[in-house]
Structure formats: C-alpha cells, structure tokens
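Written below as structure tokens is the structure these notes are about.
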Amino acid sequence: MARSSSKDAQDLFRALWSAYAATPTNLKIIDLYVIFAVFTAAIQVVYMALVGSFPFNSFLSGVLSCVGTAVLAVCLRIQVNKENKEFKDLAPERAFADFVLCNLVLHLVIMNFLG
Amino acid sequence: MRYSYSNIYASFVRVNTVLGSAAPPLTVKLVQAFRSDAKDSAIIESKELQYDKNNGIHVLEIFPDNVDVGTYVFVFEIVLHDSAGEKVYATGGQIHVPIYVTGIINVRNAEIAVLDSDLGSVETQKKIDLAGNVVVELSANHLQKLRLSFELTTPNGHAFKPHQAFFKLKHETKHEHIFVVGNTGKNWTGIEKLDFLGLVEKFYYLSGRYDIELTVGDAVMENSFLLPLGHVDLDLPEAPEKAARLPPLPVDPYSRYGPKAEIAHIFRTPEKRPPQNLSLTFLSLTLLPFIGFLVGLLRLGVNLKNFPSSAVPATYAILFQLGIAAVLLLYVLFWLKLDLFTTLKAVGFLGVFLMFVGHRILSYLASTSSKLKSA
C-alpha cells in the first residue's frame, strides 16, 4: 500500500513537472524569482527564531522586502501570462514597467523602515 | 531727602534754574513743615533760610527740637529779590518736599511667654534681648497661648509704631504662618498673643517644631531687624477626618523663569546581540537563494538575445539599467547616511530620468515584439 502510494506520488510529480515544462521561459524566470524571494524570507524568519527579534524593524523590513517583491512578481506573472485573457490588451513591457516602479516604491519604504 | 536724627546736620537747599545754571538773587522761605500724617500740627512756620554765599546754598540753621523720627513735609517758597526777575523766572509756587527723619529706635522689655489659657497664668517666660542673638526654646500645647511683647521708643522717648511688624512661625515642612504684631487694638502695642486653640485649624493640626521669626521695620527706623528668636515645640491634637488638607507649598513665582529640570530621555537599551559568526552565517545563507536563482537562470538557458542591437535603443536600454542601479544605490545611501528629504529629491530627479528612458526602451521592445507577432 505504502509503496504504491509513493509510486503514485512520484507519478503525480512527474506529470506536474512535464506539464510545467511547457510553460514559457519568461514565466519560468518569474517563478524562479518568486522562489528565490520566498526562500530568502524563510531564512530570515529562521534567523529571527534562533536569535530573537531584537531589531524588530530590521527583521520586518527584511522579510517584507522579500515577501513584497515576491507578491509583485506574482502580479507580474499574472499580467504577462498569455493564458490570462483578462490582460490580453496589456503589453508585457507595460507590466514590467509597473513591476519596476512598484519595486522601487516598495524598497524606498523598506529602506526608510530599516533604520 | 533724608534727615538723620542720630547725626544732626543742618539742612540746606540749593536753587538753580531748570537748565542748571545759577539762579538770580533770591530768598528761600520755609513756609511750613508738618508731619505727613498730621497736617495741622506744623512744627515750623514761615522761616527764612540763610544764604551761604561760599557754597551757594540756603541753610536752615536751627532745626527744631520737637522734631521726632517720622516723615515730614517741608513746604518751601522762593522769593526773588529783583521784582523784574519775576517776568523772566517762574518760581513754581510752593514746593512740597518730603523729608524722612530717621533715627535709632530703642527696643525694650522684649519677652516671650507661654500662658495657660484658662487662668492666664504664666507657664514659662523668657526675656529676650533683641539686639543680640537670642535662642528661645519653648514648648506649648493647643490649650496654651504664646505671648510676645516688646516696646519701641523713639530717641525722644515717644512710643513708636513701626510700619511693619511681623511675627512668623515656620514649621519644619516649610509651612509658615505670619501674624501682624499688635493690630488688635486701635493703638499699636508691641504685644502679640497667639491663642493656639483658635489657630489649630489654621495650622492644619501640624504638630512639631516651629521656628519663630520677628520682623520689625520702618522707613525711618535705622535699626530695622529680622531676628530668628528660636523655636517652639507645638503639641497640637490629631487632625479630625474632615479637617482641611495641608495645602501644597506655594511655588516660588520666579522659579518658572528659571531653568527647567533636565529632561532625561529613556531610550530602549539594545538587547544582547547574537554572536557575530551566527549572523555572518545567515548572511551567507541569504545569499544562497540568489545563487540558486542565478543557477536556475543558467539552466533555463536565459540569454540576452532580445537586447536591442541597434545603437540608440541599446543606449536607452543601458541607461535604463543604469538608472535602476542608481536608484538602488541611492536607497543604500539613504539607509547608510542620507535623510528622507535629500533622498526624495534625488529620487524625484532620477525617477523622471528613469521614466523617460524606460518609456523609450520598453515601447521599443513592445513595438518590436508586436511586429514579430504580426509578421
């Protein structure tokens, strides 16, 4: 039973991976970026759990910087994705400009909060 | 003008014009001199002052003996010798000059006593010499009275009423009570009787040691004094429940112009930092996802083929990248040393530049990609 279920899981993941391989490269880049940001945030959270949250604003700004940029990247991915008919009229370049602008604003606030 | 009784001087008057030059020949007449509190009783009437040619002053040579210490008003009048001068000079009519005749006041028979209230019998009585240092130790309870008495006489032997005569009791807690000496009757007597039974409430039932201070002063008294007389231990009853609370000590009105107490700011003390090695380890750990990101990009086979090849769009693209880098660098500077205002100003300029460049390069990219699509 256990063996069959693990085999099922492997099959499932393989199917998922093959399906994902079909996604365009630019979306893959964005996914990679999101993963990078989320992992950076996770490492900071682990650090905070280890040594305590003394410069709390520094911790918050570090984590929120990562989370914020990840969220912005997800938004960019939604807008760039050609499957989403909702954003068909929106040029991907325009979406990228929005992404850059939002990141700059976000990091201005983050730097202000960093202390 | 002051005239000291203890040092007899002849009083004199100097006359000159408004501009300070010498006056024409004239005679100064003392029309009248009277005590300022009794205008009817003139001590001198119509007397001419002698002219001292050497010094140019008019001298009142004989000062009457019946002048005691006190305040007087001398009324002078100026009579010009030359009648023609009246058209040139205005003499100002009668001139009232206040004169203080000062002197040493004798203090005699000063004594302080504690009396039993019901009988009026003397419990303790102490003579005090107000000229020297006196320290009186008294004790009294609320059923007793305190009596302070002294006599003041002028050099002529008349009784003297000082302008100010205060008797002060000051508790250890700085609460003080001031009594005006001898204001009970019509005639001033140097006797102050404190009935503690009636004063218990005024003293706020505050038992303990009270310092005694006596102040006698007057403008014409040359030996005005403020003397600590010692202290009295008062034994007052316990305060009843509804008794008035002890008022706060009066604040010195000048203290609000003085420097305020220094404000001690309380900053949050930094907590213990983790060991530096741990922090550095995690710093390198945070770099790991970035390396993973780069590795992932390589594995995806990302390239810069879409980078514009012709000169103008390539310049714009490079400028766009440089602009973003500049903004990020500015953020780092903001974190390290700049303040928000300079940063926002710089971000404003950089933002305009970035907007222009970004618009150029991204619209170029969009047009090429749409051309690609349509083709």
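First the proteins, then the strands, lettered A, B, ... as listed; each starts at 1.
- Chain B forms the most heavy-atom pairs under 4.5 Å with one residue out of Ile110(A), Leu108(A), Leu50(A), and that residue is Leu108(A).
- Interface residue Leu328(B): only side-chain heavy atoms are found under 4.5 Å from chain A.
- Residues from residues 31-41 of chain A that place a non-hydrogen atom less than 4.5 Å from a non-hydrogen atom of chain B comprise Leu32(A), Tyr33(A), Phe36(A), Phe39(A), Thr40(A), given in numerical order.
- Looking at Leu300(B), the atoms closer than 4.5 Å to chain A (heavy atoms on both sides) sit in the backbone and in the side chain alike.
- Heavy atoms of Leu287(B) lying under 4.5 Å from chain A are absent altogether.
- Atom CE in Met111(A) sits 10.0 Å away from atom CG in Leu330(B) (nearest 0.5 Å).
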Leu365(B) vs Phe96(A), test: side-chain contact (heavy atoms from CB on, under 4.5 Å). Steps then yes/no.
CA-CA 11 Å; Leu365(B) 285 179; Phe96(A) 181 69; over 6 Å; no

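- Proximity to chain B among residues 19-26 of chain A is limited to Thr25(A), judged by heavy-atom separations below 4.5 angstrom.
- How far CD1 of Ile324(B) is from CG of Asn103(A): 9.0 Å, rounded to the nearest 0.5 Å.
- Within a 6.0 Å sphere centred on CD of Glu172(B), other residues, nucleotides and ligands contribute more than 12 heavy atoms.
- Identified by a heavy-atom distance below 4.5 Å to chain A, the contributing residues of residues 345-360 of chain B are Leu354(B), in residue-number order.
- The ring-ring contact (aromatic ring centres under 6.0 Å, His included) search around Phe334(B) returns none, not counting sequence neighbours.
- With Tyr47(A) contributing its side chain and Thr281(B) its backbone, the two residues share no donor-acceptor pair below 3.5 Å.
- Side-chain contact between Val46(A) and Phe282(B) is present, with heavy atoms from C-beta onward closer than 4.5 Å.
- With a 4.5 Å cut-off on side-chain heavy atoms, Leu362(B) and Arg94(A) do not count as touching.
- The OH atom of Tyr331(B) sits 10.5 Å away from the CG atom of Asn112(A) when rounded to the nearest 0.5 Å.
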